[in-house]
Visitor: 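Here it is, the structure in full.
We name chains A, B, ... by the order of the sequence lines, and we start the count at 1 in each one.
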Number of protein chains: 2
Amino acid sequence: MPNNQFKRGELYSFITGKASTAIARRLQKKFNTAALNLTIEQWSVLYHLWKQDGISQQELCNATFRDKPSITRLVDNLEKLDLVKRIASKEDRRINMIFLTPRAQQLQDQSMGLATETLNEALKTVPEEQIEICKSVLQIVYDNLK
Amino acid sequence: MPNNQFKRGELYSFITGKASTAIARRLQKKFNTAALNLTIEQWSVLYHLWKQDGISQQELCNATFRDKPSITRLVDNLEKLDLVKRIASKEDRRINMIFLTPRAQQLQDQSMGLATETLNEALKTVPEEQIEICKSVLQIVYDNLK
DNA sequence: GGCATATAGTTAGTTAAGCAACTATTCAAA
DNA sequence: TTTGAATAGTTGCTTAACTAACTATATGCC
């Protein structure tokens, strides 16, 4: 396998993910400006609960690509913020089912709007077909390493 | 601005950067397996010092897209590992110039080889021209938000 | 039934990021 | 020349990530 396939700067950008970092920072700023009092990581958990409420912590791990301790603490903090509740499953008492509170349900439209707005700003000058190619490359990268 | 330009899954991947996260995790595992005792973040600082030794902490902030406290603490930890030294500038005593130790100079070839190897694994099934398009899109995203 | 194994989640310890507030030094303008 | 602003770096606080070790529950095999 050739060791000189990448020029240095390219290598660095791919590994450090400065584009996605920039997107996350911009979205966090919008959250702060809107006084949402929500981190991007917390939002990423709510994101999956808005799709499907009442899933287990393990399912949140899979959905958000995080390990179990990370989800434990994110759920801890979301509980403190009165955004989710842990409810023990009756069929399997090892499992916590995570449910949105009414407070969290209210955040969906506003925060998803800000996320869409951020992506529109990030991609406003990029042709649609290049976005598709970029997405597919990133998906392949993820699949290759998973 | 249209609020429905992105499907949900696409939005999420762009914001959370799961591809670059996967690359960083894979590289970290290679570092650990090779007993390099180095975090990806520490490596990213050394990366710029290998290009140019003896730059200031502020220049490291710009190069690595980190804020000043982050660099302060990364340099703290790199000093503890005997990988860099802070040397106060004689022209401007506010400035710390950061210099690689011989120990850090020895890490360059091995760690850069592992980084290249990781990218080759990540991108092995992706045509060259799609990699170029992906890179350019990510650069535009960064520029749009900077 | 009982024991080994797997699974769900938690806790502890280290590293790192972001923000705000702070010190020290330099520079520039009155 | 002194005073105010800008710059370089540090510290404290909170949130989050990863690893390893842990508890509790469930499952499956004998």
Visitor: For Q106(B), check side chain to side chain donor-acceptor pair (under 3.5 Å) against everything at least two apart and list the hits.
Guide: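 So Q106(B) forms no side chain to side chain donor-acceptor pair (under 3.5 Å) with any residue.
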Visitor: So if I take the C1' atoms of five pairs at each end of the helix from dG1(C)-dC30(D) to dA30(C)-dT1(D) and get each local axis, what angle do the two axes make, rounded to 10 degrees?
Guide: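 So the angle between the two local helix axes works out to 10°.
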Visitor: Within the structure provided, determine whether K68(A) and I71(A) are in side-chain contact (heavy-atom separation under 4.5 Å).
Guide: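 No; the side chains remain at least 4.5 Å from each other.
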Visitor: Can you find a side-chain donor-acceptor pair between S89(A) and N96(A) that sits under 3.5 Å?
Guide: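 Side-chain D/A pair, S89(A) to N96(A): absent.
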Visitor: Short of 4.0 Å, heavy atom to strand atom, which residues of residues 18-38 of chain A count as contacting DNA chain C?
Guide: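 By residue number: R25(A).
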Visitor: Look at R86(A) together with D76(A) and state whether they make a salt bridge at an N to O cut-off of under 4.0 Å.
Guide: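 D76(A) and R86(A): salt-bridged.
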Visitor: Return the set of residues passing side-chain contact (heavy atoms from CB on, under 4.5 Å) with A63(A) (not counting sequence neighbours), or none when no residue passes.
Guide: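 Once residues adjacent in sequence are excluded, the partners of A63(A) under the side-chain contact (heavy atoms from CB on, under 4.5 Å) criterion are H48(A).
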Visitor: Set out, in order, the CA-CA distance, both residues' side-chain angles and the distance that settles side chain to side chain contact (heavy atoms under 4.5 Å, CB included) for W50(A) and S111(A), then state yes or no.
Guide: CA-CA 11 Å; W50(A) 287 322; S111(A) 65; 3.2 Å; yes
Visitor: In chain order, what residues pass the side chain to side chain donor-acceptor pair (under 3.5 Å) check against N37(A), with sequence neighbours excluded?
Guide: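 Side chain to side chain donor-acceptor pair (under 3.5 Å) check on N37(A) returns nothing, list empty.
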Visitor: Check the hydrophobic clustering (I, L, V, M, F, W, Y; side-chain heavy atoms under 4.5 Å; chains of links allowed) and say if L46(B) and L74(B) are grouped together.
Guide: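 Per the 4.5 Å side-chain linkage, L46(B) and L74(B) are co-clustered.
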Visitor: Quick one: does any side-chain atom of R26(A) pair with a main-chain N or O of L145(B) as donor and acceptor, under 3.5 Å?
Guide: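 At least one qualifying donor-acceptor pair exists.
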Visitor: Which residues pass the side-chain contact (heavy atoms from CB on, under 4.5 Å) test with T101(A), sequence neighbours left out?
Guide: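 If we apply the side-chain contact (heavy atoms from CB on, under 4.5 Å) test to T101(A), skipping adjacent residues, the hits are D82(A), K85(A), R103(A), A104(A).
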Visitor: List in chain and number order the residues that pass side-chain contact (heavy atoms from CB on, under 4.5 Å) with D109(B), two or more places apart in sequence or in another chain; answer none if no residue qualifies.
Guide: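 For D109(B) there are no side-chain contact (heavy atoms from CB on, under 4.5 Å) partners, ignoring immediate neighbours.
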Visitor: Please identify the 5'-most and 3'-most nucleotides of DNA chain C with any atom under 4.0 angstrom from a heavy atom of chain A.
Guide: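 First and last nucleotides in contact are dA6(C) to dG18(C).
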Visitor: May I ask you to decide if C134(B)'s main-chain N or O and Q130(A)'s side chain share a donor-acceptor pair within less than 3.5 Å?
Guide: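 No, Q130(A) side chain to C134(B) backbone: no donor-acceptor pair under 3.5 Å.
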Visitor: Is there a side chain to side chain contact (heavy atoms under 4.5 Å, CB included) between L60(A) and I98(A)? Walk through the geometry before answering.
Guide: CA-CA 9 Å; L60(A) 283 173; I98(A) 311 300; 4.0 Å; yes
Visitor: Contact list please: residues 61-77 of chain B against DNA chain C, heavy atoms, distance less than 4.0 Å, in numerical order.
Guide: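 When residues 61-77 of chain B is checked for heavy atoms under 4.0 Å from DNA chain C, the hits, listed by number, are R66(B), D67(B), P69(B), S70(B), R73(B), L74(B), N77(B).
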Visitor: Judged by modelled atom types alone, do S136(B) and Q139(B) share a side-chain donor-acceptor pair under 3.5 Å?
Guide: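 Note: S136(B) and Q139(B) side chains miss the donor-acceptor criterion.
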Visitor: Under 4.0 Å from any heavy atom of chain A: name the first and the last nucleotide of DNA chain D that qualifies, 5' to 3'.
Guide: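 The protein-touched segment is dT15(D) to dA26(D).
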Visitor: At their closest point, which heavy atom of L38(A) faces which heavy atom of F31(A), and how far apart are they?
Guide: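 Looking at all heavy atoms of both residues, the closest pair is O-CD2, 3.5 Å.
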Visitor: Please enumerate all residues that pass side-chain contact (heavy atoms from CB on, under 4.5 Å) together with Q110(B), with sequence neighbours excluded.
Guide: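 If we apply the side-chain contact (heavy atoms from CB on, under 4.5 Å) test to Q110(B), skipping adjacent residues, the hits are A34(B), L36(B).
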Visitor: Can we say K30(A) and E121(A) salt-bridge, meaning some charged N sits less than 4.0 Å from an Asp/Glu carboxylate O?
Guide: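 The answer is yes: the pair qualifies as a salt bridge.
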Visitor: Quick check on contacts: within residues 84-101 of chain A, what sits under 4.0 Å from DNA chain C by heavy-atom distance?
Guide: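 R86(A), R94(A), I95(A), N96(A), in order of number.
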